[in-house]
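The figures that follow rest on heavy atoms only: side chains count, while hydrogens, waters and symmetry mates do not.
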Amino acid sequence: MPSPSLRNALLAALLIPAALAPAFVPAHAAKPSKSKAAKAAKAVAPKNTLKPEQVAELYARISLRQDAEATAQLNDYLKPLYANGETPITLTDAAAMDAQYDGFADAMLEDMPKVDKKKAKPAVAAAIKRVNLLASGAECRSLSSREYANEYVKNGRIAEVAMECTVPALNARLQEVLASKGAPAKLKTKKLLEGVAEFDRALGQAGSRTIPAKLTLYAPAKGQPWSTGAADDIVETVHNGMYAAAAE
């Protein structure tokens, strides 16, 4: 299950320009240091068979669309960093994601006392889910990378990967469309459902735009696997970019 912080990020994406929760849970730290796993990786000294650009694209495929093939490839690549045989990345199952959508719908409806929650919740949850599914179709590719020493980790390396993503192009978030129908405290069920239907039509008519993106990777030493605990940065960039608010 995603952490509470990631759940909050998904809700924030609906309310303000922020991130949607990624569809996986990274089990590794963003900055490998003097852990047993890092020491084991150094001792084994595996050959780094993927370039930072390739690793970044795998992370993007996993975080955006729960890509099983990319997950298997990246987990195999990251094995040297896990001395006890842990699985670095696990995907979130569909039922767990649906439960999240329901929870976020509940949160959005809390400030709408005049709305019939039983009628409105399925529509709101479905709209939230469709936004996530639409975002999962984003295509991200690496353009270049810059590698340098990690001053906080002895022998550690950092790679900053510049990317670009082709994302759906939308003009307004769900909450912005609903706000056009009236203040939350006064909004009634009929108007809310009209707003959700309007938003749903906009999703179906979405065009596309290309936006810049970036991902920072870490390695315990030269030649060691690249990894990150911040693959959700790509998800944040995609969701902000969908509303023309891409990260600089």
K.L.:
Using a 4.5 Å cut-off on heavy atoms from C-beta on, say whether the side chain of Pro88 contacts that of Leu74.
P.N.:
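Not in contact.
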K.L.:
For Ala138 and Leu64, work out which heavy atoms get closest and say how close.
P.N.:
O-CD1, 4.0 Å
K.L.:
Please check if atom NZ in Lys117 has more than 12 non-hydrogen atoms from other residues, nucleotides or ligands closer than 6.0 Å.
P.N.:
yes
K.L.:
If only atom types and distance count, is the side chain of Ser144 paired as donor or acceptor with the main-chain N or O of Ala162 below 3.5 Å?
P.N.:
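Not confirmed, Ser144 side chain does not pair with Ala162 backbone.
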K.L.:
Under 3.5 Å, which donor-acceptor pairs do the side chains of residues 178-186 form with other protein atoms, sequence neighbours left out?
P.N.:
| unit_1 | atom_1 | unit_2 | atom_2 | d |
| --- | --- | --- | --- | --- |
| Ser180 | OG | Val177 | O | 2.5 |
| Lys181 | NZ | Glu198 | OE1 | 3.0 |

K.L.:
For the pair Asp232 (side chain) and Val235 (backbone), establish whether a donor and an acceptor sit closer than 3.5 Å, ignoring hydrogens and angles.
P.N.:
no
K.L.:
Please give me the minimum heavy-atom distance between Ala202 and Leu170, naming the atom from each residue.
P.N.:
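Where Ala202 meets Leu170 most closely, the heavy atoms are O-CD2, 3.7 Å.
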K.L.:
Are Ser145 and Glu53 close enough that a side-chain donor and a side-chain acceptor fall under 3.5 Å?
P.N.:
yes
K.L.:
Taking only residues two or more places apart in sequence, or in another chain, which ones meet Glu69 in a side chain to side chain contact (heavy atoms under 4.5 Å, CB included)?
P.N.:
Arg61, Asp67
K.L.:
Any sub-3.5 Å donor-acceptor pair from Asp233's side-chain atoms to Leu215's backbone N or O?
P.N.:
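Checked: no pair found.
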K.L.:
In residues 120-130, what donor-acceptor pairs under 3.5 Å come from side-chain atoms, sequence neighbours left out?
P.N.:
| unit_1 | atom_1 | unit_2 | atom_2 | d |
| --- | --- | --- | --- | --- |
| Lys121 | NZ | Asp106 | OD1 | 3.3 |
| Lys121 | NZ | Asp106 | OD2 | 3.2 |
| Lys129 | NZ | Asp98 | OD1 | 3.2 |
| Arg130 | NH1 | Asp200 | O | 3.2 |
| Arg130 | NH1 | Asp200 | OD1 | 2.8 |
| Arg130 | NH1 | Asp200 | OD2 | 3.1 |

K.L.:
Run the side-chain contact (heavy atoms from CB on, under 4.5 Å) check on Thr216 and Thr228 step by step: do they pass?
P.N.:
CA-CA 7 Å; Thr216 302; Thr228 184; 5.7 Å; no
K.L.:
About how many Å separate CG of Leu78 and CD of Gln73, when rounded to the nearest 0.5 Å?
P.N.:
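Answer for the CD-CG pair, Gln73 versus Leu78, is 10.5 Å.
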K.L.:
Between Leu187 and Lys114, is the side-chain contact (heavy atoms from CB on, under 4.5 Å) condition met? List the steps.
P.N.:
CA-CA 6 Å; Leu187 192 65; Lys114 294 187 177 182; over 6 Å; no
K.L.:
So how far is it from Leu217 CG to Glu147 CD, rounded to the nearest 0.5 Å?
P.N.:
10.0 Å
K.L.:
Looking only at heavy atoms, which two atoms of Asp76 and Pro80 are closest? And how far apart?
P.N.:
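It is O-CD, 4.2 Å.
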K.L.:
Evaluate the side-chain contact (heavy atoms from CB on, under 4.5 Å) criterion for residues Tyr101 and Asn132: first the C-alpha distance (whole Å), next the side-chain angles of each, then the deciding distance (0.1 Å), finally the verdict.
P.N.:
CA-CA 10 Å; Tyr101 301 138; Asn132 201 23; 2.7 Å; yes
K.L.:
Tell me the closest heavy-atom pair linking Leu58 and Ala70, and the distance in Å.
P.N.:
CD2-CB, 3.8 Å
K.L.:
Using atom types as modelled and distance alone, determine if a side-chain donor or acceptor of Tyr77 lies under 3.5 Å from a backbone N or O of Trp226.
P.N.:
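Answer holds: yes.
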K.L.:
CD1 of Ile62 to CD of Glu57: how many Å apart, nearest 0.5 Å?
P.N.:
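Atom-to-atom, Ile62:CD1 and Glu57:CD are 12.0 Å apart.
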K.L.:
Looking at Asn84 and Glu86, would you say the former's side chain and the latter's main chain have a donor-acceptor pair under 3.5 Å?
P.N.:
no
K.L.:
Looking at every heavy atom in both Ser227 and Tyr59, which two are closest together, and how far apart are they?
P.N.:
CA-OH, 3.4 Å
K.L.:
Is it the case that more than 12 heavy atoms not belonging to Asn171 sit under 6.0 Å from its CG atom?
P.N.:
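Not more than 12 within 6.0 Å, no.
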K.L.:
Could you state the interatomic distance from CG (Asn75) to CD1 (Ile89), rounded to the nearest 0.5 Å?
P.N.:
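Spacing of CG (Asn75) from CD1 (Ile89) equals 5.5 Å.
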K.L.:
Any donor and acceptor pair, going by atom type alone, linking the side chain of Arg65 with main-chain N or O of Ser136 inside 3.5 Å?
P.N.:
yes
K.L.:
Is Arg141 salt-bridged to Glu164, cutoff N-O under 4.0 Å?
P.N.:
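Here Arg141 pairs with Glu164 in a salt bridge, since their nearest N and O are under 4.0 Å apart.
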K.L.:
If I take atom NZ from residue Lys118 and atom OG1 from residue Thr189, how far apart are they, to the nearest 0.5 angstrom?
P.N.:
12.5 Å
K.L.:
Quick one: do Val131 and Arg173 satisfy side-chain contact (heavy atoms from CB on, under 4.5 Å)? Show the steps, please.
P.N.:
CA-CA 9 Å; Val131 171; Arg173 287 177 166 78; over 6 Å; no
K.L.:
Of the non-hydrogen atoms in Thr237 and Ile211, which two are nearest, and what is the gap between them?
P.N.:
O-CD1, 3.3 Å
K.L.:
Enter the distance from Leu143:CG to Met163:CE here, rounded to the nearest 0.5 Å.
P.N.:
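Leu143 atom CG to Met163 atom CE measures 8.0 Å (nearest 0.5 Å).
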K.L.:
Less than 4.0 angstrom from a charged side-chain N to a carboxylate O is my criterion; do Lys214 and Glu160 meet it?
P.N.:
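No, no charged N to carboxylate O under 4.0 Å.
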K.L.:
Whether the side chain of Gln224 engages the backbone of Ala221 through a donor-acceptor N/O pair (distance < 3.5 Å, no angle test) should be reported.
P.N.:
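Here the side-chain-to-backbone pair does not exist.
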K.L.:
Less than 4.5 Å apart, any side-chain heavy atom of Lys222 and any of Asn155?
P.N.:
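No, too far: nothing below the 4.5 Å cut-off.
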